[in-house]
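Accompanying notes for the structure given below.
Each chain gets a letter, A, B and so on, in the order its sequence line appears, and its residues count up from 1.
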2 protein chains.
Amino acid sequence: MYLRAISFLRRQGQDYVSSRDLADQLHLKSPQIRKDFSYFGAFGVKGIGYRVDTLIGRIREILKLSGTQKAALIGAGRLGKALALYPGFGLYGFEIVEIFDVSPKKIGKKIGNTKIQSIKHLGNLEKRGIRLAILAVPAEAAQETAERLVEGGVRGILNMAPCYITVPKRVRVQTIDIAMELGILPYYV
Amino acid sequence: MYLRAISFLRRQGQDYVSSRDLADQLHLKSPQIRKDFSYFGAFGVKGIGYRVDTLIGRIREILKLSGTQKAALIGAGRLGKALALYPGFGLYGFEIVEIFDVSPKKIGKKIGNTKIQSIKHLGNLEKRGIRLAILAVPAEAAQETAERLVEGGVRGILNMAPCYITVPKRVRVQTIDIAMELGILPYYV
DNA sequence: CCTTGTGAAAAACTTCACAGCC
DNA sequence: GGCTGTGAAGTTTTTCACAAGG
């Protein structure tokens with residue numbers, strides 16, 4: 001969250017940012033931000049604010065985002081395709097290096113520069129340096145596919161299917177249910 | 001969240017569900033769920049659990065999801081297209097009735113049964129019964145487009161662009177930043 | 001002046017424990 | 001036996017207030 005906002009400031013050529021400015025942009029309170037940053041180890045300059053480059057470096061370090069992280073994409077449907085070509089992953093240093101699907105129609109085709117492989121050839125992702133996977137399959141197939149990913153040595157799964165999946169606790173799952181996010185809007189309206 | 005899990009149970013033909021079962025499925029604690037449901041007004045049956053149909057009805061009521069909610073989609077790029085054809089909105093009673101884009105290449109074409117219109121013809125969405133919008137435009141265009149939506153009388157915006165947008169406080173914004181969600185995974189890995 | 005950093009107070013949330021009911 | 005509903009306890013998070021520094 002911070003990373004996105006601060007990177008934006010860097011692109012605008014800003015060198016320093018105050019907790020107040022960030023608070024306004026992110027709709028938070030300023031002491032909250034200072035407290036968060038103090039957990040990172042303090043490096044703010046009193047009267048000025050925080051150095052943008054230092055902040056980005058430190059956050060990337062804490063999030064273990066140093067260098068490039070390889071990720072696999074499972075599911076080459078419409079959503080999968082949109083994700084494969086989504087430019088936003090670059091900011092966090094992610095690269096989708098392999099794409100898998102079950103459909104024989106799709107296998108062998110390319111999305112961007114990456115060839116779609118059969119899910120049967122998932123193999124050991126860990127050995128190929130892939131620790132993260134993005135799951136863009138129908139809800140019915142999500143659990144089964146997640147289990148394959150775990151077998152393949154994946155450590156984190158971004159689940160785009162509208163369901164919860166159960167995995168060993170050494171594996172971290174983050175679920176995004178787009179319809180659900182839309183569903184809570186009318187409540188506030 | 002509950003709606004998704006409970007709807008799934010209904011499709012499976014289950015009539016009643018206990019807080020314990022839901023807790024297991026959603027990875028929560030059972031008193032938590034009972035407390036949430038008690039805010040809805042209590043209607044559990046001691047010794048049995050909660051009636052699935054009653055629960056769904058009540059949750060839809062609280063979320064103001066009764067009937068069909070019309071939504072507009074802004075941005076007919078890859079992500080927009082995937083969202084337009086995303087089947088998951090149905091569960092929550094959403095229907096994307098209008099699609100807009102800036103690109104002359106796309107205007108006039110159809111996604112599914114819905115024609116892509118020029119963003120210039122956004123007009124008064126409120127009068128056409130549209131109170132929600134899904135924003136699937138590049139980050140640079142998000143703020144400007146959001147302002148147009150607010151002018152058009154929209155009350156809730158689901159923002160898929162990787163940035164925060166500022167709107168009058170009568171308008172509710174829900175932001176989904178896919179890359180960010182992926183970005184927090186390595187931290188736990 | 002402007003900022004950060006932090007202890008203390010307040011609020012929100014989570015968990016526990018158990019009475020009451022089927 | 002099983003399960004709900006809820007007050008009380010515990011924990012975490014958020015907010016405030018202010019000393020201290022450029």
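A parallel orientation is assigned to the rings of A:F43 and A:F37, their planes being inclined by less than 30° (bins at 30° and 60°). Below 30°, between 30° and 60°, or above 60°: for B:Y86 and B:F89 the angle between ring planes is above 60°, a perpendicular geometry.
Note on B:S19: only backbone sugar-phosphate atoms sit closer than 4.0 angstrom, heavy atoms only; bases stay farther off. The residue B:Y39 sits apart from the nucleic acid: no heavy atom pair falls under 4.0 Å. Using a 4.0 Å heavy-atom cutoff across all strands shown, A:G44 reaches sugar-phosphate atoms only and no base atom.
Atom C1' of nucleotide C:dT4 and atom OH of A:Y16 are separated by 13 Å, given to the nearest angstrom. For the pair A:F37 CZ and C:dT3 P, the computed distance is 15 Å after rounding to whole Å. In this structure, B:R51 places its CZ atom 17 Å from C1' of D:dC3, rounding to the nearest Å. Between B:I33 atom CD1 and C:dC16 atom C1' there is a gap of 16 Å when expressed in whole angstrom units. Residue A:K29 contributes atom NZ, which lies 12 Å from atom P of C:dA12 at whole-angstrom precision. Between the CD1 atom of A:I48 and the C1' atom of D:dG21 there is a distance of 11 Å, rounded to whole Å. Residue B:D36 contributes atom CG, which lies 10 Å from atom P of C:dC13 at whole-angstrom precision. What separates CG of B:L22 from P of D:dG5 is a distance of 13 Å, to the nearest Å.
In this model, a donor atom of one side chain and an acceptor atom of the other lie less than 3.5 Å apart for A:Q117 and A:E98.
Under the 4.5 Å side-chain criterion, counting only non-hydrogen atoms from C-beta, A:V97 is not in contact with A:T114.
The listed nucleotides are D:dC3, D:dT15, C:dG5; the one nearest the side chain of A:Y50 is C:dG5. Nearest to the side chain of A:R20, among C:dT3, D:dC3, C:dT6, sits C:dT3. Taking only side-chain atoms of B:S18, from C-beta outward, the nucleotide of D:dT4, D:dC16, C:dT6 with the closest atom is D:dT4. Proximity note for B:K35 (side chain, C-beta onward) versus D:dT6, D:dG21, D:dT4: the nearest is D:dT6. The B:K46 side chain lies nearest to D:dG5 when the options are C:dT6, C:dT4, D:dG5.
Salt-bridge annotation for A:E61 and A:R58: present, with a side-chain N of the basic residue lying under 4.0 Å from a carboxylate O of the acidic one.
Mapping A:G47 and A:P31 onto DNA chain C by nearest heavy atom places A:G47 closer to the 5' end of the strand. Along DNA chain D, the nucleotide nearest to A:Q32 and the one nearest to B:S38 differ in position, and the one closer to the 5' end is contacted by B:S38.
Distances shorter than 4.0 Å separate none of the side-chain N or O atoms of A:R34 from OP1 or OP2 on C:dG5.
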